Structures are given as C-alpha cells and as structure tokens.
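Accompanying notes for the structure given below.
In what follows, every heavy atom counts, from backbone to side chain, and hydrogens, waters and symmetry copies are set aside. Quantities reported herein were computed from a predicted structural model and do not represent experimental measurements. Whatever order the structure lists ligands and atoms in, that order sets their numbers, starting from 1.
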Amino acid sequence: MSNRKTVDISKEEIQEQKEYIDNIKELIKGRSLKYHIITYGCQMNIHDSEKLAGMLNSMGYTETSDQAEADLILFNTCCVRENAEHRVYGNVGALYLNKQQNPNLIIGICGCMMQQRDVSDYITKKFPFVDLIFGTHNLHRFPKLLLEAMDSRQTVVEVLDEEGRIVENVPIIRNLGVTAWTTIMYGCDNFCSYCIVPYVRGRERSRQPSDILDEINQLAEEGYKEVTLLGQNVNSYGKDFNEPYYFSNLLRYIDRVDGIERIRFMTSHPKDLSKDLILAMAESEKVCEHLHLPIQSGSNRILKQMNRGYSRENYLELVNEIRHQIPNIAITTDIIVGFPGETEEDFADTLDMVEKVRYDSAFTFIYSQRTGTPAAKMSKQIDENIKKERLQKLMDVQGKISKEINDKAHDTIVDVLVEGLSKKRDDMYTGRTPQNKLVNFAADHNTIGNIVKVKITQPKTWTLEGIMI
Ligand code: 5AD
Ligand code: SF4
C-alpha cells in the first residue's frame with residue numbers, strides 16, 4: 001500500500017509511552033484514583049478524549065462522572081467558536097477552590113484551544129494552579145507529561161507547533177458498545193476564511209488504509225456493529241500519499257469487513273466529493289444513506305469570501321446527482337449566519353438554498369470572529385443582534401422542513417440499530433435509522449446491538465417515536 005510522506009512515530013517512542021504508563025501505574029498502585037474528562041467540540045475531540053481515557057485506564061485510574069470526587073480533571077477544549085472558550089475559562093476558574101481544598105488534585109487542559117499560543121500563555125498566567133497544558137499534536141505524550149506534572153510545582157506546558165506524525169496503537173476506551181468512531185485522517189488544508197481548525201489541527205495527514213482496516217476488523221471482533229470514519233474532510237483522504245489512494249477505495253474495503261453492518265463518515269467537503277465516492281456509496285451494502293455536506297452559506301458572494309471553492313449552482317448539482325444515485329439519502333449540513341459583510345440579500349440566498357435542498361437537519365451557527373483567521377480582519381463585521389435574528393429565522397425555516405420530512409415517515413417501518421436506553425426517557429430504548437434519525441421506542445435490553453424493525457407512530461421535529469414490530 002502507499003507510503004505516507006509523514007514519518008511514523010518511532011518504535012522507541014511507543015515503548016517509552018508504555019513505560020510512562022507503567023511508571024504511573026506503579027506510583028498510584030492501591031490508591032484508587034479517579035479521573036473526570038470534560039470534552040468540548042466535535043467528534044474528533046470526543047474521540048481524542050476516548051484515547052485519553054484509554055491511557056488513564058491503562059495507568060490504573062478509573063473514571064468518575066462526579067467532578068467533586070476526581071483526583072484528575074482534564075479539559076479537552078475546542079476553539080472553533082468563542083463561546084466554548086469562555087465556558088472553559090469559567091469552568092477552570094471555578095476549580096480554584098477545589099485545588100485549595102485538595103492540593104493533590106491535578107488539573108490539565110488540552111486540545112485545540114491550547115494550540116493557540118496566546119491562549120495557553122493566558123491560562124498559565126490567569127490560572128497558575130493548572131498543572132498541565134498540552135496541545136493536539138502530542139496527545140500520545142500525555143503519560144510522560146502527567147508524570148512530570150505529578151512531580152512539578154509549576155505548570156507543565158508542551159504545545160508543539162509541528163504536526164506530522166500519526167500515532168498508532170494508543171489505547172482507546174470507547175464509551176458506546178455498539179457504534180465506534182475511528183479517525184481516518186487528521187488536520188485540514190482548506191483554510192476556509194472563518195475557520196481556526198487548520199491552524200490548530202495542522203495539515204492533512206491520512207492514516208494508512210491497512211492500519212484503519214486492522215482497527216475496524218478489531219472493532220468488529222469486539223462486537224461493534226457500526227463504525228463512523230472521522231476526518232475534517234474525509235473526501236481528501238489519501239491525497240497526501242505518494243501514490244494516489246481515494247476515500248472511495250477505502251469505503252469499498254471497509255464494506256467487506258465481516259461483522260460491521262453500518263458505515264458512516266464525516267465530514268465531507270462539497271468541493272472534494274467525487275462521482276466515484278457517490279458510486280461507492282450507492283453500490284456498497286453497508287454505507288448508510290446519510291451525507292453530512294456543510295454548505296455554510298447559500299450566497300455565491302459569501303461562499304467566495306469564505307474560500308469554500310464551490311458555488312450554490314455546483315452544490316445543487318451535487319445534491320441532484322447524489323439523490324439520483326441514492327434516492328433515500330438524508331442530507332444534513334452546517335450553516336453559518338452573520339459572516340462579515342453578509343447582507344439581507346445574502347442571507348435570503350441562504351434561506352433559499354435551505355428551501356431548495358430541503359435538508360433533513362442542519363447545525364446552525366452564529367459567525368464567531370477567530371483571531372488569526374482572514375475573516376477576523378474583514379471589515380463589516382455583523383452586529384450581534386442581527387446575527388441572532390438571522391439564526392432564529394434560519395432555525396425556524398429548517399425546523400419546519402425537518403418536521404415535514406419526518407412527518408412523511410409516519411406509519412413507515414424503519415431499520416434501527418439499537419444503541420441503548422434513551423438518555424431522556426428511561427422507559428424507552430434508542431437507536432438510529434440508516435438516515436441517522438434518532439428513534440425512541442419500547443424494547444428489551446437484549447435488543448441492544450441488533451438491527452430491529454420499528455413502525456413510526458409519532459414523528460417529531462428532531463426525533464421519531466415508534467413501536468418495535
Ligand atoms: N464561526 C461560526 N461557526 C464556525 N464553524 C467553523 N468556524 C466557525 C466560526 N468561526 C462551523 C462551520 C463548521 C462547523 C464545524 O463549525 O459550520 O462546519
Ligand atoms: Fe474548517 Fe473549512 Fe477545514 Fe472544515 S473544511 S475544518 S470549515 S477549514
């Protein structure tokens with residue numbers, strides 16, 4: 001298979017990681033220490049937290065959902081929008097008293113926010129009681145850094161500017177027993193003008209197909225039925241290899257893994273979604289009929305300013321082609337309102353696209369100015385009240401469409417992969433259709449992990465309710 005241009009982590013370093021894990025294990029033996037991880041942001045971050053949890057479990061820590069009884073509190077941060085950053089500052093600040101009461105408490109902060117030098121500097125100054133700070137590129141060094149933090153009175157800080165290495169074989173503790181995430185590529189090369197991700201997650205690096213397939217075979221052996229392939233832009237998977245390799249090829253291989261019944265992926269950039277990928281999705285047995293295809297704006301002028309690389313016409317053509325090949329597909333999206341210079345006319349174009357495409361659902365965001373991105377320096381930043389009004393209008397339009405689409409499911413019979421008890425209703429079980437719709441229904445515990453047939457009796461805006469048949 002193809003070679004990656006980036007260098008693999010050395011065997012010595014993997015060995016070193018194991019040794020640090022063993023050292024800590026020895027150090028904390030018999031003390032029943034507990035950890036609590038607070039995760040902000042996207043699936044990538046949630047998956048990184050699964051790796052942190054995996055390393056901590058190997059060290060002998062156990063998880064607690066109660067922050068008050070934790071001996072180690074880790075914040076895995078996101079910097080895509082400003083409000084998540086403010087929440088981190090508030091929550092870290094609130095731990096000052098805990099640290100006074102329990103000087104042995106270790107507080108760590110990692111993730112995307114820490115990759116911004118000014119933010120990590122601010123944290124070390126403003127919250128000197130924080131023990132450990134590290135970024136996104138050195139997650140695998142966590143055991144070493146934790147050991148240092150246990151020994152040091154000062155904040156241990158390691159934030160690397162350079163990415164480049166893909167670390168395999170980090171222990172992972174996955175929370176869900178039925179569906180699993182696996183990262184297929186790291187970083188992003190797109191530099192959409194509003195987005196901080198390329199600056200904090202680095203350039204695109206794809207994992208080797210063989211490593212991904214090994215992991216998915218392993219997941220199937222462990223009983224997982226569904227796998228979600230993660231990357232900021234999975235459609236450019238393999239472009240960094242010396243020899244061409246495409247995401248569609250990878251999907252075709254994963255489709256053949258025995259035991260895996262459903263394959264999902266996210267996120268797809270419209271400019272890189274190839275005809276062959278649509279074909280691979282249509283032909284495959286296991287790839288779910290769902291595509292998350294962020295449009296961000298419906299205005300050609302704004303799309304250009306955003307550096308998205310497609311027009312509303314290109315996008316509509318793509319949607320038509322996908323629906324032609326996969327008639328049952330559910331399409332979801334991300335939309336930003338209030339990008340600098342967005343006029344009422346531009347916003348009307350966004351609403352118009354939402355009406356034309358008729359998304360099953362949409363994640364809608366207020367534009368957030370991110371220092372270091374080109375859009376942050378653009379003139380005509382939009383007033384916060386106007387942004388809020390536009391968001392509300394957009395959510396109303398999308399809510400109406402989502403409800404209309406879900407209403408059509410009334411009395412239909414859908415295939416649901418049962419994930420477990422509903423988080424909101426303890427008399428209900430929950431699972432998803434291939435179209436990624438959440439369905440709640442009464443069932444037995446032994447249905448978990450199976451695909452069952454459910455008749456939809458009560459469609460709602462964001463979920464469906466039904467009866468198992
Ligand atoms: N402001 C608001 N939303 C943003 N996103 C990315 N950057 C910003 C920003 N600066 C949104 C995009 C992306 C999603 C993950 O977050 O819609 O697809
Ligand atoms: Fe950000 Fe654009 Fe990359 Fe998505 S594709 S992570 S929005 S730069």
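For Phe127 and Tyr96, the distance between ring centers is not under 6.0 angstrom.
Atom 7 (S) of ligand 2 has its closest protein heavy atom at Tyr194 OH, 3.3 Å.
Less than 2.8 Å away from atom 2 (Fe) of ligand 2, the protein contributes these N/O/S atoms: Cys192 SG.
Protein residues lining ligand 1, listed by chain and number: Val80, Arg81, Tyr194, Gln296, Asp334, Ile336, Phe365, Ile366, Tyr367, Ser368, Arg370 [non-hydrogen atoms, distance under 4.0 Å].
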- Given side-chain contact (heavy atoms from CB on, under 4.5 Å), test Glu215 with Arg207 step by step and report yes or no. CA-CA 11 Å; Glu215 184 179 344; Arg207 285 178 68 199; 2.7 Å; yes

- Message: Apply side-chain contact (heavy atoms from CB on, under 4.5 Å) to residues Val234 and His269 and explain how you reach the verdict.
- Response: CA-CA 8 Å; Val234 291; His269 195 305; over 6 Å; no

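The aromatic rings of Tyr40 and Phe75 lie parallel to each other, with less than 30° between the two planes, well short of the 60° mark. Aromatic ring orientation, His292 versus Phe363: perpendicular (interplanar angle above 60°, classes split at 30° and 60°).
A salt bridge is absent between Lys380 and Glu342; no separation between the charged side-chain nitrogens and carboxylate oxygens falls under 4.0 Å.
Defined by atom type and a distance below 3.5 Å, a donor-acceptor pair is missing between the side-chain atoms of Ser120 and Gln116. Side chains of Asn235 and Tyr246: no donor on one and acceptor on the other come within 3.5 Å. Between the side chains of His290 and Thr332, a donor-acceptor pair is found at a separation under 3.5 Å.
Judged by distance alone, the side chain of Arg262 and the main-chain N or O of Lys286 form no donor-acceptor pair under 3.5 Å.
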